[in-house]
Amino acid sequence: GFAFIMLTEDGKEISFVQRAKGLGIAADCMALSGSTPHFHHDFFTPGFDFTGYFKEEITKEMREEYHISHSEFSIGRCYLIDDTRSIPHLAIEITTPLSTLEIAQRGYGDADVVKEHPVLYSAQLGALKCITQRFPLHDTTANIFNMIGSE
């Protein structure tokens, strides 16, 4: 699966979520949002456009979960998680000029958004170490925050 490192206000802050109860992965905890992309039947076909597939999956999730259009975000670095027991396996930086408040207002009242993550959190990037020490985060989210915070 993918995790989204939401860098709001052009990367000045990080936004993460309270995962809803009853989800199959990382239920009822503070974590990064994410998606499980569908397995495309042409993955192993010579010439398959993996970059296009990747961008399409991310754009679809940003539209569905955050009401952010493709022109309102950019895709940054990707962090591969080298742990076969870990989910997600890939964390993707998503940078947007929007604030977490603006994103929350767009999703307010949308049952499809709320059923996945009923709460959005926001913090300055410099606070990541403090957050990982003080709050019960999903294990993979804590590891990703530690990677970002050490840079």
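In what follows, every heavy atom counts, from backbone to side chain, and hydrogens, waters and symmetry copies are set aside.
Of the inter-residue distances, the one linking Arg19 atom CZ with Met30 atom CE reads 13.5 Å to the nearest 0.5 angstrom. If you take OG1 on Thr36 and CD on Glu57, they are separated by 10.0 Å, rounding to the nearest 0.5 Å. Taking CD of Gln18 as the start and OG of Ser33 as the end, the distance is 13.0 Å to the nearest 0.5 Å. Ile144 contributes atom CD1, which lies 12.5 Å from atom OG1 of Thr132 (distance to the nearest 0.5 angstrom).
Contact check for Glu72 versus Leu98: side-chain heavy atoms found under the 4.5 Å cut-off. Leu90 has its side chain within reach of Phe54: a pair of non-hydrogen atoms, C-beta onward, lies under 4.5 Å apart. Inter-residue side-chain proximity for Ile5 and Ile92 is flagged as unmet; no heavy-atom pair is nearer than 4.5 Å. Looking at Leu101 and Leu120, their side chains never come closer than 4.5 Å, going by heavy atoms from C-beta outward. Counting only heavy atoms from C-beta outward, the side chains of Met6 and Val17 never approach each other to under 4.5 Å. Residues Ile94 and Leu7 fail the side-chain proximity criterion, which asks for heavy atoms closer than 4.5 Å. The side-chain heavy atoms of Arg77 and Glu93, taken from C-beta on, include a pair separated by under 4.5 Å. At least one side-chain heavy atom of Ile75 sits under 4.5 Å from a side-chain heavy atom of Lys55.
No side-chain donor-acceptor contact under 3.5 Å links Asp42 to the backbone of Thr45. With hydrogens and angles ignored, the 3.5 Å screen pairs a side-chain donor or acceptor of Glu102 with a backbone N or O of Ser99. A donor-acceptor pair under 3.5 Å is formed between the side chain of Thr141 and the backbone N or O of Leu32.
Cluster membership check: Phe48 shares its hydrophobic cluster with Phe44, using side-chain heavy-atom separations under 4.5 Å among Ile, Leu, Val, Met, Phe, Trp and Tyr. Residue Ile68 is not grouped with residue Tyr108 when hydrophobic side chains (ILVMFWY) are merged at heavy-atom distances under 4.5 angstrom, including chains of intermediate members. Neither Met62 nor Val114 shares a network with the other; the hydrophobic side chains, linked directly or stepwise wherever heavy atoms of I, L, V, M, F, W or Y lie under 4.5 Å apart, form separate groups for each.
Atom CD of Gln124 is surrounded by 12 or fewer heavy atoms from other residues, nucleotides or ligands within 6.0 Å. Crowding of Lys129 atom NZ: a count of heavy atoms from other residues, nucleotides or ligands under 6.0 Å not exceeding 12. Within 6.0 Å of atom CG in Asp139, 12 or fewer heavy atoms from other residues, nucleotides or ligands are found, so the atom counts as exposed in its surroundings.
Residue Glu61 comes nearest to Gly34 through the heavy atom pair OE1-O, 3.9 Å, listed as atom of the first residue, atom of the second, then distance. The two residues Gly11 and Thr95 come nearest to each other via the heavy atoms N-CG2, 3.8 Å. Across all non-hydrogen atoms, the minimal contact from Ser122 to Thr8 is OG-OG1, 4.4 Å. Shown here for Asp110 and His67, the closest heavy-atom pair between the two residues is OD2-NE2, 2.7 Å.
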key: Test log, rule side chain to side chain contact (heavy atoms under 4.5 Å, CB included), inputs Ser35 and Phe4   = CA-CA 8 Å; Ser35 72; Phe4 300 118; 3.7 Å; yes
request  = Mind running side chain to side chain contact (heavy atoms under 4.5 Å, CB included) on Asn146 and Leu128 for me, showing each step along the way?
outcome  = CA-CA 7 Å; Asn146 286 329; Leu128 288 177; over 6 Å; no
task = Please step through salt bridge (charged side-chain N to carboxylate O under 4.0 Å, His left out) for the pair Glu65 and Arg106, ending with a clear verdict.
result = CA-CA 10 Å; Glu65 290 193 23; Arg106 289 179 180 199; over 6 Å; no
key: Stepwise side chain to side chain contact (heavy atoms under 4.5 Å, CB included) test for Asp112 and Lys115   = CA-CA 5 Å; Asp112 289 333; Lys115 77 177 180 186; 3.6 Å; yes
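Proximity of the aromatic rings of Tyr66 and Phe73 is defined here by a centroid distance below 6.0 angstrom, and this criterion is not met.
Exactly one of Tyr79, Phe135, Phe16, Tyr121 qualifies for a ring-ring contact (aromatic ring centres under 6.0 Å, His included) with Phe145. That residue is Phe16.
Taking the six-membered ring where tryptophan is involved, the planes of Phe43 and Phe50 are tilted, since the angle between them lies from 30° to 60°.
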